[in-house]
Engineer: 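One structure, as structure tokens, below. Some questions next.
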Amino acid sequence: MSGRKRSLVVEAIEFTIMAIQQARARAAAERVRLGQAAMTAATRELAAAQKALDAAGKRIDELGECDERAELTARHQALQRELAEAKARMMELQGSFGGVKGHLDQVDSLVKLAERRDRELRKRLYDEDRRMEQNGLPTEWFRDTEYREADEARQTADQAMAELRSAGRDSDAIAGQVRELADSIRGIGAEAKVLQEFTGTEEFNGILERIADRKAFAAIAARREELAAGLARLPEDYADWCAPEQMELATGLAEADAALQEAESLAHPAAWDGLEAALASGAAHLAELPGAIAEAGENRDRQERRARIAEAIMTTLDELQFDVSFDPGNRDEPCRISGQTPRSDGDGDFDIAIPLSGEVTFEVAEARGDGHDCHAAVMALQERLKERFGMSWEVTDWGNAAGFADAAPGERHGAEAAADGEKQRAKHQQRERERN
């Protein structure tokens, strides 16, 4: 037997294992404190700083593109970069805590091994003591083999204690870094809070108001310039020839301009409730302008064509010895030509209406009512128009004269008159020169 007493070795093993268990409990508590207190506090500071920065950023974005925004944006971006660096450092420290956990997991494994060896040794010693007692031998001394087993258990426990101390040192170091990081984040958060609070001051709101007014003045000036150009584009006779539903367009343009002129006289036009409506009204009227001007121009062209047709018909009737009277009509009413024959009974009198569309309607007075005189009068007018002005008159509805012209019956006579404007004017001018 060895000279080492069993009781002393066993007590040493028990003491070491007990110390490890107590230290492990303290380490677990420390890990909780570090993870939940230091790291949680740093994370909370990080979230608060980010919230303040986000709020400030939204307010700064309201400034749009302007000189006043440059300095505030630079401060905001600098704080964002510092916060991003702090977040990256936080991730690194969280990884370091993973390393500490690895130490503690190793401690757990070593403690379990030491406890198992301790249990095995105690069982062997118990069995050996029973055997030796039965043989009347002393039991307080270890044999060499038993001592080696006890020593292995003790060494395992000592190794666990060393791992535990290493984990504790690492934890302390990381905790210090976390606290430093939390202080840094707290400083960033304080600056972010200052920036956020500035965006809620009267000074900042004044900047917003000035920027809004600048934008409003610019929008008003641009729209008024467009409205002035639009009004200048309207022909002088626009009201005479525009479509009925577009009669008020010029008035609408002028009213929109007047409203914007009133807004332009305000110190803070951006605050005027009617600004958007006035700008929108001007835009709506301007959008109608091209189509309205085009339609008025088309109606004017139709009027000129109608006037040429009417002049040709009146000249022809005059040359055919009719007494001619004329009502020029307008956009909505047809021009009317009345041609009275020299005959006392009025047989052969013409009543002609020409709307802007160019579809001529005519009526010829006829005493007999069989259409013969009507047909003869119209044919004479047709031939004269073609000879005199090169105008082709195609009758589409002869009415009572249908039996003579082989046309569909009807109460009134319809015709389509068409002329080549340039050809007509040229021939007319030539004949006038010949007559003179």
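In this chain, numbering begins with 1 at the start of the sequence shown. FYI, side chains are in, hydrogens and waters are out, and symmetry mates aren't considered; it's all heavy atoms of this structure.
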Engineer: To the nearest 0.5 Å, how far apart are CZ in Phe217 and NE2 in His268?
Structural biologist: 8.5 Å
Engineer: Could you please spell out the steps behind the side chain to side chain contact (heavy atoms under 4.5 Å, CB included) verdict for Gln340 and Ser325?
Structural biologist: CA-CA 9 Å; Gln340 295 179 331; Ser325 60; over 6 Å; no
Engineer: Begin from the C-alpha positions of Arg210 and Asp213 and carry the test side chain to side chain contact (heavy atoms under 4.5 Å, CB included) through to its verdict.
Structural biologist: CA-CA 5 Å; Arg210 288 195 300 274; Asp213 286 336; 5.8 Å; no
Engineer: Ignoring hydrogens, what is the shortest heavy-atom contact between Ala49 and Gly189? Give both atom names and the distance.
Structural biologist: CB-CA, 3.5 Å
Engineer: State whether Arg300 and Asp240 are salt-bridged, where the test is any N-O pair (Lys NZ or Arg NE/NH1/NH2 against Asp/Glu carboxylate O) under 4.0 Å.
Structural biologist: no
Engineer: Minimum heavy-atom separation for Arg223 to Gly282, with atom names?
Structural biologist: CD-C, 4.2 Å
Engineer: Which salt bridge (Lys or Arg N to Asp or Glu O under 4.0 Å) pairs, counting each pair once, include a residue from residues 249-260, with sequence neighbours left out?
Structural biologist: Arg224-Asp257
Engineer: What closest approach, in Å, do Arg233 and Pro290 show between heavy atoms, and which atom pair accounts for it?
Structural biologist: NH2-CA, 4.2 Å
Engineer: Kindly determine whether Arg308 and Glu311 satisfy salt bridge (Lys or Arg N to Asp or Glu O under 4.0 Å), including the steps that lead there.
Structural biologist: CA-CA 5 Å; Arg308 292 194 299 269; Glu311 182 183 359; over 6 Å; no
Engineer: Does the side chain of Arg59 come within less than 4.5 Å of Asn205's, by heavy atoms?
Structural biologist: yes
Engineer: With under 30° as parallel and over 60° as perpendicular, where do the rings of Phe322 and Phe350 fit, or are they tilted in between?
Structural biologist: perpendicular
Engineer: State whether the number of non-hydrogen atoms from other residues, nucleotides or ligands found under 6.0 Å of Glu197 atom CD is greater than 12.
Structural biologist: yes
Engineer: With sequence neighbours excluded, give me every salt bridge (Lys or Arg N to Asp or Glu O under 4.0 Å) pair touching residues 80-91.
Structural biologist: Arg89-Glu92
Engineer: Take Thr341 and Gln321 through the side chain to side chain contact (heavy atoms under 4.5 Å, CB included) test and state the conclusion after the steps.
Structural biologist: CA-CA 7 Å; Thr341 67; Gln321 305 303 312; over 6 Å; no
Engineer: Under the criterion side-chain contact (heavy atoms from CB on, under 4.5 Å), which of Asp327, Val324, Asp351 is the partner of Ile337?
Structural biologist: Val324
Engineer: Return the CZ to OG distance between Arg302 and Ser357, rounded to the nearest 0.5 Å.
Structural biologist: 8.5 Å
Engineer: For the SG atom of Cys242 and the CG atom of Asn299, what is their distance to the nearest 0.5 Å?
Structural biologist: 8.5 Å
Engineer: Side chains of Leu356 and Asn330, heavy atoms from C-beta outward: is any pair under 4.5 Å?
Structural biologist: no
Engineer: Quick one: CD1 on Ile207 to OG1 on Thr199, what's the gap to the nearest 0.5 Å?
Structural biologist: 10.5 Å
Engineer: Assess the residue pair Ile354 and Ile313 against the criterion (side chain to side chain contact (heavy atoms under 4.5 Å, CB included)); give the C-alpha distance rounded to whole Å, side-chain angles, the decisive distance to 0.1 Å, and a yes or no.
Structural biologist: CA-CA 11 Å; Ile354 310 175; Ile313 291 174; 4.0 Å; yes
Engineer: Answer yes or no: is there an ion pair linking Glu383 with Lys386, defined by an N-O contact shorter than 4.0 Å?
Structural biologist: no
Engineer: Arg69 versus Asp61: any side-chain heavy-atom pair under 4.5 Å?
Structural biologist: yes
Engineer: Restricting to non-hydrogen atoms, name the atom on Gly329 and the atom on Arg306 that form the minimum distance, rounded to 0.1 Å.
Structural biologist: C-NH2, 4.3 Å
Engineer: Side chains of Leu317 and Thr315: closer than 4.5 Å at any heavy-atom pair?
Structural biologist: no
Engineer: Quick check for you: to the nearest 0.5 Å, what is the distance between Ile185 atom CD1 and Gln50 atom CD?
Structural biologist: 11.0 Å
Engineer: Where do Leu249 and Ala292 come nearest, in terms of heavy atoms and distance?
Structural biologist: CD2-CB, 3.5 Å
Engineer: Is the closest side-chain heavy-atom distance between Ile293 and Glu298 below 4.5 Å?
Structural biologist: no
Engineer: Which distance, rounded to the nearest 0.5 Å, do you find between the CZ of Arg388 and the CG of Leu381?
Structural biologist: 13.0 Å
Engineer: Which atom names give the shortest non-hydrogen contact between Pro269 and Leu275, and what distance separates them?
Structural biologist: O-CD2, 3.6 Å
Engineer: Salt-bridge test for Arg186 and Asp183: reply yes if a basic N is under 4.0 Å from a carboxylate O, no otherwise.
Structural biologist: yes
Engineer: Less than 4.5 Å apart, any side-chain heavy atom of Leu83 and any of Leu53?
Structural biologist: yes
